[in-house]
Amino acid sequence: LDNMRSSDRAQLTMVCTWLTEMYLDKLNGACAAERPDQYQLVLEQVRHVLQDHVKNLDPPTTYQLMLQHGRIDVLLYYAELNGDHERIISHYMQRREWTKALQQLAIANDAKLYYHHAPTLMQHAPVGTTNALIHATRESRRLSMCSQRLSMCMRC
C-alpha cells in the first residue's frame with residue numbers, strides 16, 4: 001500500500017477492501033478458537049487498518065463485508081470513523097438501547113437526527129430524550145448567539 005500512488009483510487013480501494021476482508025476473517029477465526037488474547041490482538045489490527053485506510057474504503061461495500069462476517073462491533077467502529085451517526089443511532093434504536101442512541105445523538109448534534117428519532121425516543125425514554133433536547137436547544141442557542149456576535153464584530 002505504501003508503494004501505491006494516491007491517484008490509483010480503484011486499486012487502493014480494492015486492496016484495502018481485500019485487506020479488510022482478510023482481517024475480518026482472521027478475527028472470526030480468533031473468535032471461533034475462543035482465544036481472547038488473539039482476538040484482542042486481531043481486533044486492534046482491524047481497527048488500525050480501518051483507521052489508516054478509511055478514505056480508501058467504499059462505505060457501502062465495507063459495511064456489507066462487515067455484516068456478512070457478522071462483525072457489528074467493527075461496523076460500529078467504522079461508522080464512527082466515517083461520522084455515520086445515522087447508522088450508529090439506527091443500530092441502537094433497533095436494539096432498543098435508548099440510552100446509547102441518546103448518547104450518540106448528543107455526539108452527532110444534528111437537528112435532523114433529533115427530529116427523526118425524537119418521537120420513538122420520547123415513547124421509550126421520555127426523561128432522557130427531554131434532557132437531550134433541552135441540552136441540544138441550549139447548545140444551538142449558544143452557537144447562534146456566538147455566530148451573531150461574530151457577524152456583528154466582523155461588520156465593525
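Owing to the predicted nature of the structure, the values given are computational and were not obtained by experimental measurement.
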**Message:** Under 3.5 Å, is there a donor on one side chain and an acceptor on the other for Tyr63 and Asp84?
**Reply:** yes
**Request:** Take atom NE2 of His124 as the centre, draw a 6.0 Å sphere, and report whether it contains more than 12 heavy atoms from other residues, nucleotides or ligands.
**Result:** yes
**Prompt:** Is Trp98 close to Arg96 at the side-chain level, that is, under 4.5 Å between some pair of heavy atoms?
**Reply:** yes
**Message:** For a quick test of reading the model, state the closest non-hydrogen atom pair linking Ala132 to Leu102 and the distance between them.
**Reply:** CB-CD2, 4.0 Å
**Pairwise side-chain contact, Met122 with Thr130, heavy-atom cut-off 4.5 Å (strictly under)** = yes
**Request:** Scan side-chain atoms only and decide if Arg9 and Asn56 contain a donor-acceptor pair under the 3.5 Å cut-off.
**Result:** yes
**Message:** For Glu34, is the CD atom crowded, meaning more than 12 foreign heavy atoms sit under 6.0 Å from it?
**Reply:** no
**Prompt:** Is there side-chain contact between Glu86 and Leu113, with at least one heavy-atom pair below 4.5 Å?
**Reply:** yes
**Message:** Ignoring hydrogens, what is the shortest heavy-atom contact between Ile89 and Ala101? Give both atom names and the distance.
**Reply:** CG1-O, 4.2 Å
**Message:** Can you see whether His135 engages Asn131 through a side-chain donor-acceptor pair at a distance of less than 3.5 angstrom?
**Reply:** no
**Prompt:** What distance do Glu21 atom CD and Thr61 atom OG1 have between them, rounded to the nearest 0.5 Å?
**Reply:** 11.0 Å
**Request:** Look at the side-chain heavy atoms of Ile, Leu, Val, Met, Phe, Trp and Tyr, link any pair under 4.5 Å apart, and say whether Ile72 and Val49 land in one connected group.
**Result:** yes
**Request:** Measure the spacing between CG of Leu43 and NZ of Lys26 and express it to the nearest 0.5 Å.
**Result:** 12.5 Å
**Message:** If you compare all heavy atoms of Leu27 against all heavy atoms of Val74, which two are closest, and at what distance to 0.1 Å?
**Reply:** CD2-CG2, 3.8 Å
**Complete:** Heavy-atom nearest pair, Leu105 first then Tyr114, reads O-OH, 3.6 Å
**Message:** Just verifying a value: how many Å separate Arg71 CZ and Leu76 CG, rounded to the nearest 0.5 Å?
**Reply:** 11.5 Å
**Message:** Any non-hydrogen side-chain atom of Leu12 less than 4.5 Å from a side-chain atom of Lys55?
**Reply:** no
**Asked** What is the distance from atom CG of Asp110 to atom NE2 of His116, rounded to the nearest 0.5 Å?
**Response** 11.5 Å
**Any Gln104 side-chain heavy atom under 4.5 Å of Ile107 side chain** = yes
**Side-chain touch Val46/Gln51, heavy atoms, less than 4.5 angstrom** = no
**Message:** Side-chain heavy atoms nearer than 4.5 Å, only ILVMFWY residues, links allowed to pass through others: does that put Leu81 and Tyr92 together?
**Reply:** yes
**Asked** Which one of Arg87, Gln64, Glu80 satisfies the side chain to side chain contact (heavy atoms under 4.5 Å, CB included) criterion with Leu75?
**Response** Arg87
**With Leu57, the side chain to side chain contact (heavy atoms under 4.5 Å, CB included) member among Thr13, Asn82, Leu50** = Leu50
**Distance, nearest 0.5 Å, that separates CE of Met14 from CG of Asp58** = 12.5 Å
**Complete:** Tightest non-hydrogen contact, residues His69 and Leu24, listed as CG-CB, 3.8 Å
**Request:** Consider only side-chain heavy atoms of I, L, V, M, F, W and Y, link residues closer than 4.5 Å, and tell whether Leu121 and Ile88 are in one cluster.
**Result:** no
